[in-house]
Number of protein chains: 2
Amino acid sequence: MVTKQYSGAPEDADLTRADSLAREIFSDIANKWAFLIIELLADRTLRFSELRNEIEGISHKMLTQNLRMLERYGLVERTVYPTVPPRVEYTLTAAGQALHEIVSGMCDWTHRYLAHIETSRQAFDA
Amino acid sequence: MVTKQYSGAPEDADLTRADSLAREIFSDIANKWAFLIIELLADRTLRFSELRNEIEGISHKMLTQNLRMLERYGLVERTVYPTVPPRVEYTLTAAGQALHEIVSGMCDWTHRYLAHIETSRQAFDA
DNA sequence: CCGTATCCTCCATGATACTG
DNA sequence: CAGTATCATGGAGGATACGG
């Protein structure tokens, strides 16, 4: 799917655009921070600072950047409460929840194959 | 799962290590090239140069690097045929095939929400 | 054909500071 | 508290060359 190359045939225009878009989406979302954010927001709505605290090792900048990207793609909804200090909450949209099914599957996969992977790595490194 | 922080309690040792490992695996594999490679190898065994040709935009170096990583994790099996010139084939292991189920689900997701995403992006950019 | 090593570039990312 | 902008840099990744 995502690897289709441009053929030049006019009737391919839509398919090619769709594939190019799919590839772009794929490239943006198949990223650890995005996955971690989605995994956390699946449980409950979280504030910016809560996300920041829960995701070990993420910088302010990366969190903002990924949240914007997810919001732009319509996977996350951002709500600003005009209080002082401001309160900003992030929650998953329906599309985001659907993606969470995938992410969740990947978490399961990771745990299921943890032992296999560890064994394999030790063998490889030897 | 992958976001658990170290609590310091001794009885958490294994869980903490498992989570740290899970997080590491997650970070390595949630990467566009790895996903694309797995998607392609799901169909059939491929040679290095075939992968190189099928994955638009990947460099020799990135392909090698990702194949090594996947091999190290036991997701891909590498077979060298000692001919001249050498022939090297890559195929998915059982663990790799299991992961492909996830990747495949993500491809489906992408196509299902393509329109939603495009609409959302246009709205956001305006 | 495939793999590794080297060099070099540049961009992603972190750190910092300022605003509302 | 949350967002944006700026600056500096390390390291990811590309290009290239050589070896098996």
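Sequence lines set the chain letters: A, B, ... in the order given, protein chains first and strands last, and positions in each chain run from 1. Please read these numbers as outputs of a predicted model, since none were measured by experiment.
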Asker: Can B:Glu24 and A:Arg121 be counted as an ion pair, charged N to O under 4.0 angstrom?
Answerer: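 So B:Glu24 pairs with A:Arg121 through a salt bridge.
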
Asker: Are the charged groups of A:Glu50 and A:Arg52 less than 4.0 angstrom apart, N to O?
Answerer: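 Result for this pair is no, no salt bridge flagged.
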
Asker: Counting only side-chain N and O atoms of A:Tyr90, is one of them less than 4.0 Å from OP1 or OP2 of D:dC1?
Answerer: no

Asker: Looking across every strand, which nucleic acid part, if any, lies under 4.0 Å from B:Tyr81 by heavy atom: base, sugar-phosphate, or nothing?
Answerer: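 Answer is nothing: B:Tyr81 stays at 4.0 Å or more from every strand.
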
Asker: Side chains of B:Asn66 and B:Asn31: do they bring a donor and an acceptor to under 3.5 Å?
Answerer: yes

Asker: For nucleotides 4-12 of chain D, give me every protein contact, N/O to N/O, under 3.5 Å, one pair per line with atom names.
Answerer:
none

Asker: Check every nucleotide of DNA chain C for an atom under 4.0 Å from a heavy-atom of chain A, then give the first and the last such nucleotide from 5' to 3'.
Answerer: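 Extent of the interface on DNA chain C: C:dT13 to C:dG20.
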
Asker: Grab the CG-C1' distance between A:Leu46 and D:dC1 for me, whole Å please.
Answerer: 15 Å

Asker: Nearest whole angstrom, please: distance from the P of D:dG14 to the CG of B:Asn66.
Answerer: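 After rounding, the reported distance stands at 10 Å.
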
Asker: Using a cut-off of less than 4.0 Å, is there contact between a side-chain N or O of A:Thr83 and OP1 or OP2 of D:dC1?
Answerer: no

Asker: Would you say A:Arg78 has more than 12 foreign heavy atoms packed within less than 6.0 Å of its CZ?
Answerer: yes

Asker: Would you name the heavy atoms of A:Ala30 and B:Phe35 that are closest together and state the gap between them?
Answerer: CB-CD2, 4.0 Å

Asker: To the nearest angstrom, how far is B:Ile58 atom CD1 from D:dG14 atom P?
Answerer: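 Going from CD1 in B:Ile58 over to P in D:dG14 covers 8 Å.
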
Asker: Just how far, in rounded Å, is P of D:dG13 from CG of B:Asn31?
Answerer: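 Computing the B:Asn31:CG to D:dG13:P distance gives 8 Å.
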
Asker: Are there over 12 heavy-atom neighbours, none belonging to B:Glu77, within less than 6.0 Å of that residue's CD?
Answerer: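 Check fails, neighbour count at 12 or below.
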
Asker: Would the B:Tyr73 and A:His116 ring centres measure less than 6.0 Å apart?
Answerer: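 Ring-ring flag for B:Tyr73/A:His116: false, centres at least 6.0 Å apart.
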
Asker: Quick one: is D:dA2 close enough that its OP1 or OP2 comes under 4.0 Å of any side-chain N or O from A:Arg47?
Answerer: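 A:Arg47 to D:dA2 OP1/OP2: side-chain N or O found under 4.0 Å.
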
Asker: Rounding to a whole Å, what distance do you find between A:Glu50:CD and D:dC1:P?
Answerer: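 These atoms are roughly 11 Å apart.
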
Asker: Under 4.0 Å, counting only non-hydrogen atoms across every strand here, what does A:Arg78 touch: a base, just sugar-phosphate, or nothing?
Answerer: sugar-phosphate

Asker: Let me know which of B:Ile37, B:Leu67, B:Leu41, B:Leu99 forms a side chain to side chain contact (heavy atoms under 4.5 Å, CB included) with B:Leu75.
Answerer: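 The side chain to side chain contact (heavy atoms under 4.5 Å, CB included) with B:Leu75 is passed solely by B:Leu99 among B:Ile37, B:Leu67, B:Leu41, B:Leu99.
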
Asker: For B:Ala34 and B:Ile29, work out which heavy atoms get closest and say how close.
Answerer: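 Scanning both residues completely, I find the closest heavy atoms to be CB-O, 3.8 Å.
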
